[in-house]
Each structure stands twice: as structure tokens, then as C-alpha cells.
Amino acid sequence: NLGDVMKESAVLALEYIKELINGTDFRKVYVMTFTKKATSEIRERVLSFLEEIVNDSCAGKEIIENIKRLDPNCIIELEKVKIIYKDVIFNKDKIKIYTIDSFVKNIFDRLIAEKRHIYMYSVDNDMNKEALENVLARLISDKSHLEKVKTFLMKERKRNLEEYETLIDQLIKNRWKFEFIGNNRIEREKYKNIDILSETERILLHSYEIISLTELEREEMLKDPFLTYINLETETEKYLYIQKNIRDFFKVSSDIIWNGNKTRGNKYKEAVESFKDEYREYKKILAKYIFNEEIIEYEKDYFEIANIVFSIYDNIRFSEKTFNNNDRIIYTYRLLFENDKYIKNDKVTDEFFEFFGNEIETIFIDEFQDTSVLQWRVLRAIVEGSKNAVIVGDAKQSIYGWRDGEKRLFENLENILKANPDTLKKSYRSDINIVSYCNEFFSAISRKDNWAFKPSEINSKNQGYVKAICMSDLDKEANI
């Protein structure tokens with residue numbers, strides 16, 4: 001029925017058949033989605049829809065009408081469809097419908113694993129404690145590496161082994177960001193003419209003007225660290241004190257460095273507000289100083305330690321012949337983008353097509369809202385190198401954020417690809433109350449997150465049933 005036909009996987013199947021009718025060889029049509037269930041579902045729909053059309057059934061006629069809705073200029077000849085159907089049925093093994101992970105696996109297996117003479121390997125999609133401990137053990141065994149990490153963590157007052165494991169875990173989980181940056185990391189330049197001593201003196205002079213209105217002594221009014229600062233005698237002592245306690249100079253409550261209870265009321269209001277503005281500018285100067293003296297070096301050390309950890313991790317993975325999906329996309333991404341052999345000017349090359357045995361004329365990507373940044377970089381090169389692309393997704397159904405799925409890519413796809421969007425305005429899957437509830441729920445989220453959500457129209461005549469269960473978090477601070 002029409003309700004079935006207009007589900008996302010069915011729309012993709014209709015688009016797929018339309019491509020074949022318009023003359024594209026199915027061997028040059030690639031479909032990417034996220035789950036094995038979805039690949040099976042799309043495959044089954046393509047075959048069953050073609051069969052219904054060939055049999056000239058009522059369902060087949062309805063499928064033809066829906067294809068024509070997608071493309072009014074599509075000319076559907078029954079005899080031509082029969083030839084297509086026969087070709088597809090006799091060559092089903094040539095149908096290119098993949099999960100994105102399995103597509104990446106194909107590239108990894110043939111371009112990376114085989115070149116390293118790895119013909120069998122195990123798949124471990126859990127970053128378990130043993131793997132972290134193996135990386136840590138090798139890190140500890142190298143004195144120079146250990147010293148580098150120890151110095152880095154000591155700056156953050158982290159000393160126990162659990163902190164080492166946490167650092168390694170965070171680096172590996174966020175490795176895609178390092179790969180994405182690649183060799184494009186910006187060399188930070190220091191801010192010039194940052195004089196924290198004179199700026200501190202200047203902010204104190206301003207505070208003295210306000211304190212003088214109270215007829216109280218500075219020592220009675222000022223709060224630490226400024227109180228301690230003014231009692232130091234030499235510039236060297238003052239400079240070293242600021243340097244050591246610079247974050248305390250940030251933490252003054254309400255942007256007032258004196259006892260605020262003594263400067264309440266209209267008499268002080270204008271002067272206090274003027275000081276607050278100046279103090280905020282003072283904090284910007286302090287921030288620039290911290291950036292110069294700490295952040296630049298911290299970032300440099302962080303990237304250096306990351307490279308050490310990644311090198312150890314890679315050696316372990318390849319020596320043990322154990323990989324997970326994240327490993328494979330990272331290694332595949334690095335291979336494809338390390339030179340112009342497979343991807344050039346953000347488009348796949350002829351050599352890439354040779355790897356697959358033929359060019360990719362049309363690519364379909366389903367559940368795009370769950371695509372990660374690295375996956376998209378690879379897929380975009382294929383999209384840009386193909387003649388046609390159909391990308392289907394629903395930002396509301398994004399569920400792979402935990403493994404770097406990035407729904408914002410889908411939300412901005414129109415601008416990224418300069419593509420023509422086509423929205424499925426009506427929901428054929430759910431009943432009235434369910435769609436209405438989802439519309440209200442996501443409308444509220446969109447207002448909070450500045451997300452351009454468009455409510456769905458309702459096709460069903462049935463009321464349906466919704467039961468919302470609210471759960472408090474462990475601290476009883478928020479309801480989900």
C-alpha cells in the first residue's frame with residue numbers, strides 16, 4: 001500500500017529503480033546505509049518492487065505511480081523493466097548495497113590489510129580495559145615517552161595510573177579529530193605586548209577611586225588575591241605572585257575586587273558598573289597571558305603525546321591483527337587522503353574506481369544523519385565523483401552520536417553540496433497522536449537548540465496511543 005511505499009527505505013528503493021529505468025547499470029549503483037537490517041530491507045524492496053512491476057500487479061501499478069511522482073519525466077516501459085529485472089535476478093551478487101562500515105571494510109581489507117599480508121583478523125568493537133592497559137604498558141616501558149606523559153599530567157596535578165589510562169582512552173576515542181586536522185594544525189602565535197603587571201596596577205587604581213568614596217582603607221576593602229598583591233614590595237615579587245596565582249585573579253565574584261557590600265546603592269552604581277566593564281577587559285588580558293604561557297605549550301605537548309599513543313596503539317593493533325570499526329575508518333581515511341592516488345581535489349580518482357572494478361555512476365546514502373565526519377569525507381569524495389547522488393536522512397533519528405555520528409552534517413548538506421532538498425512532508429508510518437506528540441516534542445527541542453525542525457503532516461486516520469515516561473537523573477536535578 002502507499003503507506004508502505006513511502007517509508008524511507010521504500011523511497012530509496014523507488015529512487016534506485018528509477019535510476020535503472022533511466023539507463024544506469026545496477027552494477028554502477030551503490031547504496032550505503034547504517035545497519036545490516038536496513039541493507040537487507042532495501043535489497044528486498046528493490047527486488048520485490050521490480051517483481052510487482054514486471055507482474056503488472058495492482059501493487060506494481062502503484063509503485064509505477066510513485067516513481068512518476070518522484071520523476072514525472074520518467075518513461076516506464078514494461079518490457080524494459082523485464083530486461084532490467086532479469087539482469088538483476090541473474091546477477092544478484094553484483095548488487096552493491098552496503099552498510100557504511102562494510103564498505104569501509106572492503107577498502108581496508110584490500111588496500112591496507114592485504115598489503116600488510118593480513119588475510120584474517122578479528123573484530124573487536126569494544127575498547128576494553130585490556131587494550132588500554134596494553135598501550136599503557138608499552139608507554140611505561142619507554143622512559144622518554146613515560147617522562148613526557150608524566151610531565152604533562154603533573155601540570156594538571158594528575159599522578160595515578162588511572163589518570164594515564166583515562167588520557168589514553170580519551171585520545172583514542174577522539175582520534176578522528178586528530179586525523180581530520182591532519183597536517184593542517186595551525187601553529188599558534190603569541191599575543192604581543194601583554195603586560196600583566198601594568199594592567200593589574202591599572203585595575204587597582206580604578207578600584208581605589210571607588211574605595212575612596214567609602215572612606216574606608218584599601219586593606220579593609222580589597223579581597224584576595226589583590227589584597228595580598230598590594231602588600232608585596234617589589235615588582236618581581238608582584239609579577240611572580242600574579243604568575244603563580246593567575247587563575248585566582250579570574251575568580252573574583254561579581255567582577256568586583258573589593259567587599260561589594262560596602263558599595264551598594266545608587267551612590268556607587270555608575271562607578272561600580274564602569275569598573276566591572278574594565279575588569280572584564282582585564283580578564284581578557286589575563287586570558288591572553290595564559291594562552292601565551294600555558295595553552296600554546298599544552299597544545300603542542302598534547303599533540304605530541306597523542307602521536308606517541310597512536311603509534312603504540314597502531315603497532316599493537318596490527319601485530320595482534322585485531323581492529324574495530326573506528327580503526328578501519330581511521331586507517332582507510334588516512335590511506336585515501338595521504339596523497340592524490342585515490343582522492344584528488346576532493347573527488348575519487350580513476351584508480352579508486354579501478355579498485356571497485358567500475359565507476360560509480362549513482363550513490364544512495366540512507367540514514368545520513370548518523371554519518372561521522374571521517375565517513376563523510378570519504379563518501380563526499382565519491383559523491384563528488386559520481387554523476388548522481390541521493391541522500392536520505394532524518395535529523396530526529398540520529399542515534400549514533402556515541403560513535404561520532406554528526407547530524408549537523410545532514411542539516412547543512414544543502415549548503416555543503418549545493419544540492420536540491422526534497423522533504424517528505426507527510427508521515428505515513430504513525431498514527432495521529434504519535435505524530436502530534438513527536439511534532440510538539442521536537443519543536444520544543446528545536447527552539448532550545450536553534451534547529452530548523454519542520455512538523456510532519458499526518459496521513460493516518462487512527463488516533464494511536466502515546467505514553468511518556470519521565471525519568472529523573474541520579475541527582476534529581478533534571479527530568480528527561
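Judged by distance alone, the side chains of Thr322 and Asp124 never bring a donor and an acceptor atom under 3.5 Å apart. At a cut-off of 3.5 Å, with distance as the only test, a side-chain donor of Ser144 or Asp142 sits close to an acceptor on the other residue.
Summarising the geometry of Ile67 relative to Lys18, their closest heavy-atom pair is CG2-CB, 4.0 Å, with the distance given to 0.1 Å. Annotation for Ser319 and Arg138: closest pair OG-NH2, 4.1 Å, computed over non-hydrogen atoms. Nearest heavy-atom pair across Ser372 and Gln375 is N-OE1, 3.0 Å. For the residue pair Ile118 and Phe323, the shortest heavy atom distance occurs at CD1-CZ, 4.3 Å. Lys80 and Gly23 get closest at one heavy-atom pair: NZ-N, 4.4 Å. For Asn325 against Asp101, the heavy-atom pair with the smallest separation is ND2-OD2, 3.3 Å.
A donor-acceptor distance shorter than 3.5 angstrom exists from the side chain of Asn339 to the backbone of Lys341, with no hydrogens or angles considered. Judged by distance alone, with hydrogens and angles left aside, the side-chain atoms of Ser460 form no donor-acceptor pair with the main-chain N or O of Asp431 at under 3.5 Å. Checking side-chain atoms of Lys96 against main-chain N and O of Lys94 turns up a donor-acceptor pair under 3.5 Å. A donor-acceptor pair is defined here as one N or O able to donate and one able to accept, closer than 3.5 Å; such a pair exists between the side chain of Asn324 and the backbone of Asp327. Checked by atom type and distance alone, the side chain of Thr166 pairs as donor or acceptor with a backbone atom of Glu162 at under 3.5 Å. In terms of modelled atom types and a separation under 3.5 Å, the side chain of Thr39 and the main chain of Lys36 share a donor-acceptor contact. Without hydrogens or angle criteria, Asp169 side chain to Glu165 main chain gives no donor-acceptor distance under 3.5 Å. Judged purely by atom type and a 3.5 angstrom limit, Asn292 has no side-chain atom pairing as donor or acceptor with the backbone of Lys190. Looking only at distances, a side-chain donor or acceptor of Asn439 sits under 3.5 Å from a matching main-chain atom of Ser456.
Taking 4.0 Å as the cut-off between side-chain N and carboxylate O, Asp25 and Lys28 do not count as a salt-bridged pair. With respect to Glu19 and Lys387, no salt bridge is recorded, no charged nitrogen being found less than 4.0 Å from a carboxylate O. Salt-bridge annotation for Arg27 and Asp87: present, with a side-chain N of the basic residue lying under 4.0 Å from a carboxylate O of the acidic one. At a threshold of 4.0 Å, the pair Glu299-Arg185 counts as salt-bridged, since one of the basic side-chain nitrogens sits closer than that to a carboxylate oxygen. Remark: Lys347 does not engage Glu384 in a salt bridge, criterion side-chain N to carboxylate O under 4.0 Å. At a threshold of 4.0 Å, the pair Arg380-Asp346 does not count as salt-bridged, since none of the basic side-chain nitrogens sits closer than that to a carboxylate oxygen. Glu147 has no carboxylate O lying under 4.0 Å from a charged side-chain N of Lys143, or vice versa, which leaves the two without a salt bridge.
Aromatic ring centroids of Phe178 and Phe310 lie under 6.0 Å apart. For Phe108 and Tyr121, the distance between ring centers is under 6.0 angstrom. In summary, the aromatic rings of Phe318 and Tyr331 are positioned with their centroids under 6.0 Å apart.
For the pair Leu47 and Ile89, the minimum side-chain heavy-atom distance is below 4.5 Å. At least one side-chain heavy atom of Ile432 sits under 4.5 Å from a side-chain heavy atom of Ser436. The closest side-chain heavy-atom distance from Leu78 to Ile53 is below 4.5 Å. A 4.5 Å side-chain heavy-atom check between Ile363 and Met32 finds at least one atom pair inside the cut-off. Using a 4.5 Å heavy-atom threshold, the side chains of Ile290 and Ile246 count as touching. With contacts defined as side-chain heavy-atom distances shorter than 4.5 Å, the pair Tyr119/Asp109 does not qualify.
Crowding of Phe441 atom CZ: a count of heavy atoms from other residues, nucleotides or ligands under 6.0 Å not exceeding 12. The 12-atom threshold is not exceeded at CG of Asn345, counting heavy atoms of other residues, nucleotides or ligands nearer than 6.0 Å. The number of heavy atoms from other shown groups lying within 6.0 Å of CZ (Arg280) is above 12.
Remark: Lys288 is positioned above the aromatic ring of Tyr191, its terminal NZ or CZ atom under 6.0 angstrom from the ring centre and at most 45 degrees off the axis. For Arg377 and Tyr333, the positive end is not near the middle of the six-membered ring at less than 6.0 Å and at most 45° from its axis.
Residue Tyr98 is tested with Phe103, Phe34, Phe364 for a ring pair (Phe, Tyr, Trp, His ring centres under 6.0 Å); the sole match is Phe103. Checking Val309, Asn315, Ile316 one by one against Ile312, the side chain to side chain contact (heavy atoms under 4.5 Å, CB included) holds for a single residue, Ile316.
Using a 30° and 60° split on the angle between ring planes, Trp176 and Phe180 fall in the tilted class, from 30° to 60°. Between Tyr342 and Phe352, the ring-plane angle classifies as perpendicular under the 30° and 60° cut-offs.
Here Glu179 pairs with Arg175, Arg334 under the salt bridge (charged side-chain N to carboxylate O under 4.0 Å, His left out) rule; sequence neighbours left out.
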